[in-house]
Amino acid sequence: LFRSEANVQRAFPGGKLIPLNPQMIVFDSFFKIESFDLIPQDYDRERPEFFGLFEDNDPNKRLMMAVNYSTDVSNFWEFSATGLRPIDESNQAYKLGVNYIMYGITH
């Protein structure tokens with residue numbers, strides 16, 4: 001995560017990546033994601049972690065950027081129509097993406 005934090009500092013001096021939890025509104029903006037354990041893994045079997053950059057580094061303010069760590073849900077989107085990824089896991093990946101879009105257009 002160190003490289004991500006350094007890049008955030010380049011774009012947002014003073015910005016901090018704050019750990020996200022499933023109770024945050026971004027994970028309930030359309031679909032309810034109750035646990036990060038439901039987020040599928042592609043090649044990385046570590047537990048996924050999510051971080052956010054908030055306005056004024058305040059988690060009660062607007063989430064401006066999300067960082068998904070130890071997960072690559074886009075692989076599930078990319079290969080969902082090929083049969084290379086399980087349907088249930090692809091659906092979970094889409095739910096996360098839809099939540100990000102809905103949060104982005106409503107906040």
Side-chain angles (χ1 to χ4, degrees):
L1 191 60
F2 177 76
R3 183 172 292 170
S4 296
E5 290 175 323
N7 288 332
V8 166
Q9 286 297 309
R10 291 174 57 204
F12 299 96
K16 296 178 183 172
L17 291 177
I18 298 171
L20 302 178
N21 64 62
Q23 290 73 39
M24 293 179 154
I25 193 165
V26 68
F27 300 110
D28 193 15
S29 56
F30 192 82
F31 293 104
K32 185 160 189 67
I33 296 174
E34 296 181 358
S35 169
F36 293 152
D37 293 331
L38 299 176
I39 305 301
Q41 302 302 314
D42 186 28
Y43 51 84
D44 191 344
R45 293 296 165 196
E46 298 293 321
R47 186 174 189 276
E49 297 179 73
F50 297 85
F51 299 88
L53 176 69
F54 290 90
E55 185 176 3
D56 300 326
N57 294 321
D58 182 350
N60 295 311
K61 291 189 175 182
R62 180 174 54 110
L63 176 66
M64 300 188 305
M65 175 179 29
V67 176
N68 300 348
Y69 187 73
S70 292
T71 186
D72 191 352
V73 296
S74 62
N75 275 348
F76 289 87
W77 303 337
E78 181 178 357
F79 298 112
S80 64
T82 66
L84 295 174
R85 299 287 183 255
I87 295 290
D88 290 346
E89 291 182 358
S90 293
N91 288 345
Q92 288 303 118
Y94 279 117
K95 288 178 183 179
L96 179 64
V98 167
N99 277 7
Y100 282 160
I101 292 167
M102 292 304 293
Y103 180 88
I105 63 175
T106 60
H107 289 80

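Position 1 is the first residue of the sequence; numbering continues from there.
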Contacts table for residues 11-31: side-chain donor-acceptor under 3.5 angstrom, sequence neighbours left out:
{"unit_1": "Asn21", "atom_1": "OD1", "unit_2": "Gln23", "atom_2": "N", "d": "2.9"}
{"unit_1": "Asn21", "atom_1": "OD1", "unit_2": "Met24", "atom_2": "N", "d": "3.4"}
{"unit_1": "Ser29", "atom_1": "OG", "unit_2": "Val26", "atom_2": "O", "d": "3.2"}
{"unit_1": "Ser29", "atom_1": "OG", "unit_2": "Asn99", "atom_2": "O", "d": "2.8"}

task: Go through the structure and list residues passing side chain to side chain donor-acceptor pair (under 3.5 Å) with Gln92, not counting sequence neighbours.
output: Lys95
message: Tyr100: which residues meet the side chain to side chain donor-acceptor pair (under 3.5 Å) condition with it, sequence neighbours left out?
response: Asn68
Between side-chain atoms of residues 76-84 and protein atoms elsewhere (two or more places apart, or another chain), which donor-acceptor pairs fall under 3.5 Å?
{"unit_1": "Trp77", "atom_1": "NE1", "unit_2": "Ala93", "atom_2": "O", "d": "2.9"}
{"unit_1": "Ser80", "atom_1": "OG", "unit_2": "Trp77", "atom_2": "O", "d": "3.3"}
{"unit_1": "Ser80", "atom_1": "OG", "unit_2": "Tyr94", "atom_2": "OH", "d": "2.7"}
{"unit_1": "Thr82", "atom_1": "OG1", "unit_2": "Phe79", "atom_2": "O", "d": "2.7"}
{"unit_1": "Thr82", "atom_1": "OG1", "unit_2": "Leu84", "atom_2": "N", "d": "3.2"}

Check residues 32-39 and write down every donor-acceptor pair under 3.5 Å in which the side-chain atom is one partner and the other belongs to a residue at least two apart or another chain.
{"unit_1": "Ser35", "atom_1": "OG", "unit_2": "Asp37", "atom_2": "N", "d": "3.0"}
{"unit_1": "Asp37", "atom_1": "OD1", "unit_2": "Arg47", "atom_2": "NE", "d": "2.9"}

field: Working for side-chain contact (heavy atoms from CB on, under 4.5 Å), residues Val8 and Met65
entry: CA-CA 10 Å; Val8 166; Met65 175 179 29; 3.6 Å; yes
Pairs satisfying salt bridge (charged side-chain N to carboxylate O under 4.0 Å, His left out), at least one member in residues 54-71, at least two apart: Glu55-Arg62, Asp56-Lys61
Hydrophobic cluster (4.5 angstrom, side-chain heavy atoms) - remaining members for Ile87: none
- request: Working to the nearest 0.5 Å, report the span between CG of Leu53 and CD of Glu5.
  value: 11.0 Å
statement: Output for pair (Arg85 CZ, Ser90 OG), nearest 0.5 Å, gives 8.0 Å
